Amino acid sequence: MNSPVTTARANVNLALVKYWGKRDTALNLPAAGSISLTLDGLSVEARVGFDGGAADRVEIDGAPASDGEGARVRSFLEVVRAESGRREHAAVSTRSTVPRGVGLASSAAAFAALALAGSRAAGMELDPGALSALARRGSGSAARSIFGGFVEWHRGERADGRDSIARPVVGPGHWDLRVVAAVTSSVPKAVSSRDGMARAARSPLYPAWIAAVEADLAEARAAIIARDLETLGLVAEHSALTMHAVGLAARPPLLYWRGPTVECLHRVWELRAAGVPAFASIDAGPQVKVLCEPGDAERVAAALRDVPGVERVLVCAPGTGAEVVA
Ligand code: PMV
C-alpha cells in the first residue's frame with residue numbers, strides 16, 4: 001500500500017508541575033500526573049513516509065541520526081507499525097528550531113510531531129487522546145506537546161497506558177504569559193532524563209516527592225483557571241526545586257545545574273523581591289526558564305542576560321498543539 005508522506009510540526013512544552021518518575025519504563029507511564037505550558041517558536045517538524053526501503057532511514061537536521069537517536073526513532077516506528085498494521089520501513093527527517101540535548105525539551109516536540117506525522121503516514125486517523133498516548137511512547141513529555149496552551153498529562157491507572165494521556169486544562173488563548181529561557185550551557189547533558197528518573201527513583205526523597213504531586217496538580221489547575229500567576233508561579237518553582245532535591249539526595253547524586261543556573265535563580269528571587277512576579281523552573285539540564293507576565297518579559301530577559309555565563313535568552317509566548325503542515 002502506498003501511503004502519503006506527511007509532515008507535522010509540534011512545539012516544546014515547559015512542565016509547571018514536573019513529570020519525574022515512571023510507573024512503567026517500557027510504556028513511559030508516569031508515577032504521577034504533570035501540567036505544562038506549550039511554548040511558541042521552539043518547534044520540531046517531522047516528515048515521515050513508509051516507502052518500504054531496505055531499512056528505516058532517520059535524518060536529523062540534515063544529517064544521518066547518531067546511533068542513539070536513530071535507535072530511539074526506530075523503536076518509535078516499531079510502535080507505529082504495531083498500532084497501524086503497516087510493515088514497510090520508513091524514511092524520517094526532522095528539523096528543529098530548538099538546540100538539541102540542552103534541556104529545552106526538544107524530544108517532547110520531536111515525538112509529538114513524529115506521532116502525528118507517523119500515524120497519518122501509516123494511514124491512521126487518531127483522535128487527540130490516542131495521539132497523545134502514541135507520542136508518550138517516544139518521550140513521556142511528548143504526550144503534552146500534542147496540545148497547545150496549558151495541558152495536564154494524567155497518570156492513568158491502566159497497565160496498558162491507554163488512559164495515561166494529556167488533555168488541555170483550559171481553552172486556547174485562556175491566559176497570555178511568557179516564559180523567558182536562559183541558556184547557561186549548550187554542552188549536551190551527561191545524564192538523560194530517562195537515566196535521571198531511574199536514579200531519582202532510588203533516592204530516599206522519591207516517595208515524598210510522588211506523594212506531594214497530587215496537591216501540586218490541584219493547586220496549579222485552580223491557579224490556571226483563576227489566572228493567578230503568584231500561586232501558579234510558586235507551585236511551579238516548588239515543583240522544579242523539589243524534583244532537583246530528589247536527585248541531589250540520590251546515590252550517586254544527580255545535579256543538572258551549573259554555576260550560572262544558581263545565579264539565575266538568585267536573579268529571579270531578586271526580581272521578585274523588587275516586585276516583579278517572576279518564577280523559575282529547571283528541567284533535566286542547566287537552563288533556567290522563568291514564568292512571568294508579558295509586560296515584564298523584557299525586564300526579566302535583561303536581568304538574566306546580565307548573569308555571567310548566560311549564553312543567550314529566549315522569550316516564548318504560549319504555543320499551539322501539534323499540526324499537520326504538509
Ligand atoms: O519526556 P522526558 O522523558 O524527556 O522527561 C521530561 C522530564 C522533565 O522535562 C524534566 C519534566 C517534564 O515534565 O517535562
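These numbers were taken from a predicted model, which means no experiment stands behind them. Whatever order the structure lists ligands and atoms in, that order sets their numbers, starting from 1.
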With sequence neighbours excluded, residues passing salt bridge (charged side-chain N to carboxylate O under 4.0 Å, His left out) with E323
R9
For S193 and ligand 1, does the shortest N/O to N/O distance drop below 3.5 Å?
yes
Please list, in number order, the atoms of ligand 1 under 4.0 Å from a heavy atom of S107.
4 (O)
Check: P253 main-chain N/O paired with R199 side-chain donor or acceptor under 3.5 Å:
yes
Assess S139 for proximity to ligand 1: is some non-hydrogen atom of it under 4.0 Å away?
yes
Which option, M197, K18, R144, owns the non-hydrogen atom nearest atom 14 (O) of ligand 1?
R144
Taking the basic N atoms (NZ, or NE/NH1/NH2) and the acidic carboxylate oxygens, is any pair closer than 4.0 Å for R221 and E152?
yes
Just which atoms of ligand 1 are under 4.0 Å from any heavy atom in A15?
12 (C), 13 (O), 14 (O)
Can you check whether Y19 has an N/O within less than 3.5 Å of an N/O in ligand 1?
yes
Should the heavy atoms of other residues, nucleotides or ligands under 6.0 Å from CG of D67 be counted, would the total exceed 12?
no
Can you pull the side chain to side chain donor-acceptor pair (under 3.5 Å) pairs that have at least one residue in residues 228-238, sequence neighbours excluded?
D228-T231, E237-W269, E237-R272
Note: ligand 1 atoms sitting under 4.0 Å from heavy atoms of G140 are 1 (O)
What are the atoms of ligand 1, with element, lying closer than 4.0 Å to any heavy atom of W20?
10 (C)
Less than 4.0 Å between a side-chain N and a carboxylate O, is that true for D51 and R57?
yes
Could you tell me whether some N/O pair between K22 and ligand 1 is separated by less than 3.5 angstrom?
no
Hydrogens and angles aside, do S34 and R144 bring a side-chain donor and acceptor to less than 3.5 Å of each other?
yes
Using a strict 4.0 Å threshold on nitrogen-to-oxygen distance, state whether E69 and R72 make a salt bridge.
no
Which of the atoms in ligand 1, numbered in the order shown and given with their element, are less than 4.0 Å from a heavy-atom of M243?
10 (C)
Whether S239 side chain and K18 backbone form a donor-acceptor pair below 3.5 Å
yes
Any N/O of N13 closer than 3.5 Å to an N/O of ligand 1?
no
Can you list the atoms of ligand 1 that are under 4.0 Å from a heavy atom of D283?
8 (C), 9 (O), 10 (C), 11 (C)
Just jot down the ligand 1 atoms closer than 4.0 angstrom to any heavy atom of A284, in number order.
10 (C)
